[in-house]
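Throughout, residue positions are numbered sequentially from 1 according to the sequence presented.
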Amino acid sequence: MSLFDWFANRRKSVPNSQERPEREIADGLWNKCEACDALSYTKDLRANQMVCLECGHHMRVYSDLRIDQLLDAHTWMPINEGLHATDPLKFRDRKKYSDRLREFQEKTGHLDAVETGIGKLESFPIALGVMEFQFIGGSMGSVVGEKLTRLIEYGTREKLPVIIVCASGGARMQEGMLSLMQMAKISGALERHREARQLYIPILTHPTTGGVTASFAMLGDITIAEPKATVAFTGGRVIEQTLREKLPENYQTSEYSFAHGFVDIIVPRTQLKKTLAQLISLHRPQALLAPSELEHHTPIDSHALPAQTHAFKLSP
């Protein structure tokens, strides 16, 4: 073998740099911020409530993780989880509505776009609804309306504060008028909850739009929003084309809504659980406060409060 052949064979035995397998990184080990492109270790990011450690950007959180963030461990008890949508209009766009439902049920592991149940937040029992944006954009159809209505009615009956985490593209077009009727149904349940002097807090997350914004998202006794969340009724381009005017910068943000009185407070996700616990505590009847608390408690005019709650013990 000539020296040339030896070098040629040696070169063939060394893999081309383009053919070398890239170093494998465990799936989900790192997370890239869509706002600043910073890489964060997923474990650290979860510990920080999925808020970027570099720039404070609030990444989208889906219902299961949101429930874990808000509730005390092992206190979540789902209710009405067996409800699922039908296809009364036999609707079809690019595919049948029934097929679309089946596809998202398999993809998300949920039957529809909201999870409802009861649990404890810093030991306070609450009725909690969390919308699931992964499921057809968190759109509000008959099941979302029915589950939220039943949740609110349960909270009214058991004298529980109701908290709903909103994340939705609006009403579900595949159910036509049936989806629009949910706006009135949920709003009616909330009015009865208010008449019973119980607390309701909606939390506006990115995005909260359409029929959800036009109904229960804006009917809270105290309305909370996450930083830089999109809060709107319809798209900015549609509004500009209708009014033939240029919209202000950041028009459809939680900060703009706060500045114009549509939102009461903007709370970073890392402070959300603590803030909710404080609000619930302030709305407890004085009769339920411990004697040591009453000594240092400033009298509150109960008629000035938007709602009040009573103690409730969760079943084991």
Hphob cluster co-occupancy, L180 + L190, side-chain heavy atoms under 4.5 angstrom: yes
query: Do any N or O atoms from the side chain of Q105 and from the backbone of L111 form a donor-acceptor pair under 3.5 angstrom?
result: yes
message: The test is side-chain contact (heavy atoms from CB on, under 4.5 Å); show your working for S40 and L45 and say whether it passes.
response: CA-CA 6 Å; S40 300; L45 198 57; 4.2 Å; yes
- request: Return yes if some donor-acceptor pair links the side-chain N/O of T213 with the main-chain N/O of A232 below 3.5 Å, else return no.
  value: yes
field: Close side-chain approach of E122 and I280, heavy atoms under 4.5 Å
entry: no
query: Is there a path of hydrophobic side-chain contacts, each under 4.5 Å between heavy atoms of I, L, V, M, F, W or Y residues, that connects I163 with V267?
result: yes
query: Got more than 12 heavy atoms from elsewhere within 6.0 Å of CD, E249?
result: no
message: Taking the side chain as everything from C-beta on, heavy atoms only, tell me whether R66 gets closer than 4.5 Å to L272.
response: yes
field: F216 backbone acceptor or donor facing Y200 side chain under 3.5 Å
entry: yes
message: With a 4.5 Å cut-off on side-chain heavy atoms, are D112 and I136 touching?
response: no
message: Tell me whether F135 shares a hydrophobic cluster with I79, the cluster being built from Ile, Leu, Val, Met, Phe, Trp, Tyr side chains joined at under 4.5 Å.
response: no
- prompt: Which heavy atom in P161 sits nearest to a heavy atom in P125, and how many Å separate them?
  reply: CD-O, 3.5 Å
- prompt: In terms of the angle between their ring planes, are Y41 and W30 parallel, tilted or perpendicular, with boundaries placed at 30° and 60°?
  reply: tilted
task: Kindly indicate, with the supporting measurements, whether the criterion side-chain contact (heavy atoms from CB on, under 4.5 Å) is fulfilled by D93 and R100.
output: CA-CA 10 Å; D93 42 56; R100 193 179 297 276; 2.5 Å; yes
field: Interatomic distance, L279 atom CG to I222 atom CD1 [nearest 0.5 angstrom]
entry: 4.5 Å
- line: In terms of heavy-atom contacts, L219 and S187 come closest through CD1-OG, 3.4 Å
- prompt: Under a 4.5 Å cut-off applied to non-hydrogen side-chain atoms, are H206 and T230 in contact?
  reply: yes
task: Give, for atom CG of N80 and atom NZ of K147, the distance between the pair rounded to the nearest 0.5 Å.
output: 7.0 Å
- prompt: Minimum heavy-atom separation for S281 to F124, with atom names?
  reply: CB-CZ, 3.7 Å
- request: State yes or no: do I265 and I126 share one hydrophobic cluster built from I, L, V, M, F, W and Y residues joined by side-chain heavy-atom distances below 4.5 Å, directly or via other members?
  value: yes
query: Taking everything shown except R46 itself, do over 12 heavy atoms lie less than 6.0 Å from its CZ?
result: no
task: Taking the side chain as every heavy atom from C-beta outward, state whether V212 and V144 have any atom pair closer than 4.5 Å.
output: no
Under 3.5 Å: donor-acceptor pair, side chain of S168, backbone of G138: yes
- prompt: Using 4.0 Å as the upper bound for N to carboxylate O, is an ion pair formed by E153 and R157?
  reply: no
NZ/NE/NH1/NH2 to OD/OE distance under 4.0 Å, R197 and D221: no
Closest non-hydrogen atom pair between G236 and L247, with its separation: O-CD1, 3.5 Å
- prompt: Atom CG in L199, atom CG in L160: separation rounded to 0.5 Å?
  reply: 11.0 Å
message: Tell me if a side-chain donor or acceptor on T209 pairs with a main-chain N or O of T234 at a distance below 3.5 Å.
response: no
- prompt: Is the number of heavy atoms from other residues, nucleotides or ligands within 6.0 Å of CZ (F233) greater than 12?
  reply: no
field: Polar contact flag, side-chain donor to acceptor under 3.5 angstrom, S142-E175
entry: yes
- prompt: Given R192 and E195, is the salt bridge (charged side-chain N to carboxylate O under 4.0 Å, His left out) satisfied, shown in steps?
  reply: CA-CA 5 Å; R192 293 187 291 274; E195 290 173 350; over 6 Å; no
query: E146 versus L83: any side-chain heavy-atom pair under 4.5 Å?
result: yes
query: Can any side-chain N or O of Q182 pair as donor or acceptor with the backbone N or O of M140 at less than 3.5 Å?
result: no
task: Give the cluster check for V114 versus M181: same hydrophobic cluster or not, with ILVMFWY residues linked at side-chain heavy-atom distances below 4.5 Å.
output: yes
- request: Answer yes or no: is there a donor N or O on one side and an acceptor on the other, between the side chain of S179 and the main chain of A171, under 3.5 Å?
  value: no
- request: May I ask you to decide if I224's main-chain N or O and D264's side chain share a donor-acceptor pair within less than 3.5 Å?
  value: no
statement: With H260 as partner, the option from F262, Y256, F258 fulfilling ring-ring contact (aromatic ring centres under 6.0 Å, His included) is Y256
statement: Nearest heavy-atom approach of L148 to G129 is CD2-CA, 4.4 Å
- prompt: Under 4.5 Å between any side-chain heavy atoms of L89 and Y97, yes or no?
  reply: no
- line: Rounded to the nearest 0.5 Å, the CD atom of Q198 sits from the CD atom of E158 at a distance of 10.5 Å
query: Under 6.0 Å from the NZ atom of K185, do we count more than 12 heavy atoms belonging to anything else shown?
result: yes
message: For a quick test of reading the model, state the closest non-hydrogen atom pair linking Q69 to K273 and the distance between them.
response: O-CD, 3.6 Å
task: Check the pair T205 / F133 against side-chain contact (heavy atoms from CB on, under 4.5 Å), numbers first and verdict last.
output: CA-CA 10 Å; T205 70; F133 193 79; over 6 Å; no
message: I'd like to know if the side chain of R172 and the backbone of S139 have a donor-acceptor N/O pair within less than 3.5 Å.
response: yes
Donor-acceptor under 3.5 Å (T208 side chain, V231 main chain): no
- request: Enumerate the residue pairs fulfilling side-chain hydrogen bond (donor to acceptor under 3.5 Å, both in side chains) with a member in residues 50-63, sequence neighbours excluded, ordered by first and then second residue.
  value: E34-H57, S63-H110, S63-E132
- line: Between the CD atom in E103 and the OG1 atom in T108, the distance rounded to the nearest 0.5 Å is 10.5 Å
- prompt: Looking at CD1 of I152 and CD1 of I164, how far apart are the two atoms once the value is rounded to the nearest 0.5 Å?
  reply: 4.5 Å
- request: Kindly indicate whether the side chain of D37, heavy atoms from C-beta on, has any atom under 4.5 Å from the side chain of K32.
  value: yes
field: Salt-bridge present (R102, D99; N to O < 4.0 Å)
entry: yes
query: Quick check: are there more than 12 heavy atoms from other residues, nucleotides or ligands sitting under 6.0 Å from CZ of F91?
result: yes
